[in-house]
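Chain A is the first sequence line, chain B the second, and so forth, proteins listed ahead of strands; every chain is numbered from 1.
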Amino acid sequence: MSEERFDPSIADGRWQRAWDEAGVFRADSASTKPKSYVLEMFPYPSGRIHIGHVRNYTMGDVLARFKAMTGHEVLHPMGWDAFGMPAENAAMEKGVHPGGWTRDNIANMKAQLQRLGFALDWSREFATCDPEYYGQEQALFLKLYENGLVYRKESAVNWDPVDMTVLANEQVIDGRGWRSGALVEKRKLSQWFLKITDFADELLEGLESLDKWPDKVKLMQENWIGKSRGMEFAFTLSDGETVPVYSTRPDTIFGASFVAVAADHPVAQGVAEGNAEVQAFIEKCRAGGTTAAELETAEKLGYDTGLTAKHPFTGAELPVFIANFVLMDYGTGAVMGVPGHDQRDFEFATKYNLPITRVVAASADDADKPFAGEAEAGDGILVNSDFLNGMSVEDAKREIIARAEAGGWGSGKVQYRLRDWGVSRQRYWGTPIPFIHCDSCGVVPVPADQLPVKLPEDVDFKTPGNPLDRHPTWKHTSCPKCGADARRETDTLDTFVDSSWYYIRFASQPDDKPFDAAEVAAWMPVGQYIGGIEHAILHLLYARFWTRALAHCGMIDVKEPFAQLFTQGMVTHETYSREVGGRTVYYAPTEVKRSADGAVLVDGGDAVDVGRVIKMSKSKKNVVDPDEIIAQYGADAVRWFMLSDSPPERDLPWSEAGIEGCGRFVQRLWRLFGQYDAAATGDDKAVARKQHQTVAAVAEDIEALSFNKAVARIYELTGTVEKAAPSASRSDAIAALMKLVSPMMPHLAEEAWVSAGFDGLVAEAAWPEVDPALLVDDEVTVAVQVKGKLRDTLTVPKGMPKDELEALALASEKVQRNIEGQTIRKVIVVPDRLVNVVV
RNA sequence: GCGGACGUGGCGGAAUGGUAGACGCCGGGGACUUAAAAUCCCCUGAUCCUUGAUCGUGUGGGUUCGAGUCCCACCGUCCGCACCA
């Protein structure tokens, strides 16, 4: 080997070209090898990759390369989630076309990813803004429509006044738009919906089959779907109207002391007509904030409508209130108030002096026990409840539902928190919804042969609102049914639709249809999906739904798209700041010189406060630029850092010292690789053993995505081999080490591989064999304890019988000293592990 | 409020109920060098009466020959959800 130092600035590019020319990472759908589909969440093309992308894609890359070395045909694709608001914002701010802006960003980011040497099959690359992609998405949307999974309805929607678009419930966080942060308003619009609620139960039950998903994510989805069982029944009001209510505690019906309806409930609307006071109250309810803090302190408010509701059993006339804590869009928008056994009802009843009746108690003797300032929602025995008296809560629920159903005035009901997915967006940069509005035929799907419905190129972004809607010609077309003048739908699809099936398109992308079912079957489901926890609900639930919807339409045979899910932690960094003129100024890591006891500005030397280690963000300036660190340390050092130290599901603190250590290790390996000598002779059992143990352990660690442990083991093997005297075993170990590190540091590994005189690419080499005989040591160190405290250790041949071990341990001078003058009560011997002398 | 995760050296973190702190970073000392960089070697949980011993995995209990690991209670940090009837 000639060079003393490994030079990534030369080697990185050389091997990236070599892999590309050899087509090493191209996935062959027809291969007979076992298939492995490794996927990381594709990025939004913002223009620059973030260090978080580097971590995410490095993990996937190591797995993909490892799978290839262990005999799998690997599909590891990459593409672009290319529709969405930022492109339109750029268009508005800079006057560039969203398409051009997006294309430029993709080119930049692709070059950045390529500099990291990822084993990606770029032949399958696409962007969701390609007409070839969104046209097929339109075809799928129409397929779902044909199968009754798409509908349109007038509905109150979450309107983001800044982005000027509708948001899904999931996109409203604490009453604000998830992207713009603007306070969301309610508006009535005609919207397109996907019937995700049809799949609520399936999506919930399907979670059970996902044994390789984090429990945390499954739990979040479970809560989101929010299944509850209860009873729906109607109250008859004093004005003759009926008001259906839903309750999960129908057993407590005898404790009902009022009925409450939401501000938007028809009853409330009726009462409000011509009554300014009620209108004002309703307005007040609507204005109520929805943030966590506001809800915590929000007072229960009610307006007595003067109407009464007849209790179905007691015949009592219960007052009917409009209440601020009742939601129109859950259940029926009306509830029966049972103050004794629901905390909200309790607070409400206390405020408005309504009766609080106990109907559940610990025992029949406690039937009239007073409440201790709060409702009792727990289990117990029914009391003060006529025919339900003495029953358990569960039995009472069953009984009351049975009676309601027999009497025809109510029925058991399963209720979900999950709502249908509103997919209409009043934006330009998205997939046009393929429908046409005709005055005589109504809403008509665009015929398949007229797809894709392409976005117009000439658009103007100077005025707010939907550019498609105000385009001079685009929306004017003719009705596919009657031929009369008609208008195109000007809404575009939520970008979460785009990301709901991209993984299927990666597996198969014919020109004339969305995908080929057989080819999809060859790859799906994704074997390992890796991405951020922030997509735990939205993206992952939508993708699961979409897959099931396609299966429902008979298009594919897969129900769950992602067999195994991994959510990686964030990359974090210290923050550097100073108080300047009463405000905090943040500094980038490159502007700061860090030392053991603090930090100063490179420019000027002023002291800087070293703040908490937090997620990298532009506003705190605690970011590092992937390009800069690749240029400085090389791709392999950066990749190695991404895998070292922190377990991948936890946050990874970026540090200058850490990346420098990685850079040093790359050189250290390079020096060691240079000592490979094919002509060396002689055995070194200890080295061989360490090699085989490490190969087996690293394989296990990579499969488990425990990259930090694999890294630690590679350090150990490196240390062992470095210290060993030259031998054939040592050279074997060096060669094995080249393969071991090749998924993590592929450029270094290739360079060493060719320098050592091996043929071909190490990326295509087979993972080193493991000789099971070498996995076990023939000597073991046994701990010797007296009363559970370590006193000595013994090095003995493996498999020494219990009695011999015991004798040896008792003979130990240190043991003798510690048991002096005491009686041995018991000796516990665990072969090959320890001896514990109990005195 | 509900649900969940996590608490181990200066730091990131290892550890099938069986030698706590692997491995890395930081720090200290030394070798090489005119010097530096690079590299290599040694030390590096705390305390003490330092050939050794005592203490030590958030706190307090418990189970066990033996607990970071299992059980109970508490404290703290972080995350998710939330007037969902």
Side-chain angles (χ1 to χ4, degrees), chain A residues 4-5 174 214-220 222-224 226-228 230 245-250 252 260 262 288 290-292 294-296 298-300 323-327 329-338 341-345 347-348 377 415-419 533-534 536-537 572 594-596 613 640-641 644-647 649-653 655-662 664-665 667-668 671 706 708-716 718-719 722 781-794 814 817 825-830 832-839:
Chain A
E4 286 203 5
R5 282 183 66 78
D174 287 347
D215 290 340
K216 181 189 173 76
V217 173
K218 288 193 278 187
L219 198 67
M220 282 164 76
E222 194 181 318
N223 291 338
W224 192 264
K227 183 176 184 172
S228 75
V245 298
Y246 171 74
S247 174
T248 55
R249 292 297 303 275
T252 62
T290 51
T291 68
E294 283 167 324
L295 292 179
E296 199 71 33
E299 204 181 350
K300 302 284 175 285
N324 66 342
F325 67 91
V326 180
L327 306 174
D329 52 3
Y330 183 80
T332 61
V335 300
M336 67 166 180
V338 185
H341 307 283
D342 180 284
Q343 186 57 26
R344 293 157 307 188
D345 297 347
E347 286 168 31
F348 191 81
Q415 182 77 39
Y416 298 92
R417 206 185 79 110
L418 184 71
R419 317 285 156 68
I533 186 73
E534 68 273 20
I537 298 173
T572 57
R594 190 82 171 82
S595 65
V613 177
W640 188 250
F641 184 91
S644 301
D645 295 350
S646 289
E649 68 278 9
R650 282 199 225 168
D651 290 349
L652 172 68
S655 80
E656 199 67 19
I659 183 68
E660 276 171 17
C662 294
R664 279 198 298 272
F665 185 60
Q667 298 303 335
R668 188 176 149 201
R671 287 191 299 273
S706 298
N708 57 319
K709 291 191 222 167
V711 162
R713 293 185 199 283
I714 287 172
Y715 274 120
E716 280 186 47
T718 302
E722 276 171 339
T781 307
V782 173
V784 182
Q785 302 176 332
V786 176
K787 270 172 73 183
K789 283 191 178 171
L790 183 72
R791 295 300 173 186
D792 200 2
T793 57
L794 299 170
K814 287 172 184 167
R817 204 186 317 144
R825 290 232 314 263
K826 197 170 169 187
V827 179
I828 285 145
V829 183
V830 182
D832 298 337
R833 297 224 71 128
L834 68 65
V835 180
N836 189 8
V837 183
V838 186
V839 291

What nucleotide among B/rG18, B/rC23, B/rA85 has an atom nearest to a side-chain atom of A/Leu834?
-> B/rG18

Return the polar atom pairs (N/O with N/O) between nucleotides 38-41 of chain B and the protein under 3.5 Å, or none.
unit_1, atom_1, unit_2, atom_2, d
B/rU39, O3', A/Arg671, NH2, 3.4

Is the shortest side-chain N/O distance from A/Arg825 to OP1 or OP2 of B/rC65 below 4.0 Å?
-> no

Side chains of A/Ser228 and A/Tyr416, donor plus acceptor under 3.5 Å = no

When Watson-Crick pairs (N1 to N3 and N6-O4 or O6-N4) and G-U wobble pairs (N1-O2 and O6-N3) count only below 3.5 Å on both distances, what is the dot-bracket string of RNA chain B, with | for other-strand pairs?
-> (((((((..(((.....[....))).(((((.......))))).((((...))))..(((((..]....))))))))))))....

According to a strict under-4.0 Å criterion, is A/Lys789 in side-chain N/O contact with OP1 or OP2 of B/rC55?
-> yes

Is A/Asn324 near enough to B/rC83 that one of its side-chain N or O atoms lies under 4.0 angstrom from OP1 or OP2?
-> no

Rounded to the nearest angstrom, tell me the gap between atom CD in A/Glu716 and atom P in B/rC23.
-> 6 Å

Taking only side-chain nitrogens and oxygens of A/Lys709, does any of them come within less than 4.0 Å of OP1 or OP2 of B/rA15?
-> yes

Between B/rA85, B/rG13, B/rG3, which one does the side chain of A/Leu219 approach most closely?
-> B/rG3

Rounded P spacing from B/rG9 to B/rU57 in Å | 9 Å

Closest to side chain of A/Tyr330, choosing from B/rC84, B/rC81, B/rG12 | B/rC84

Counting only side-chain N and O atoms of A/Arg417, is one of them less than 4.0 Å from OP1 or OP2 of B/rA82?
-> yes

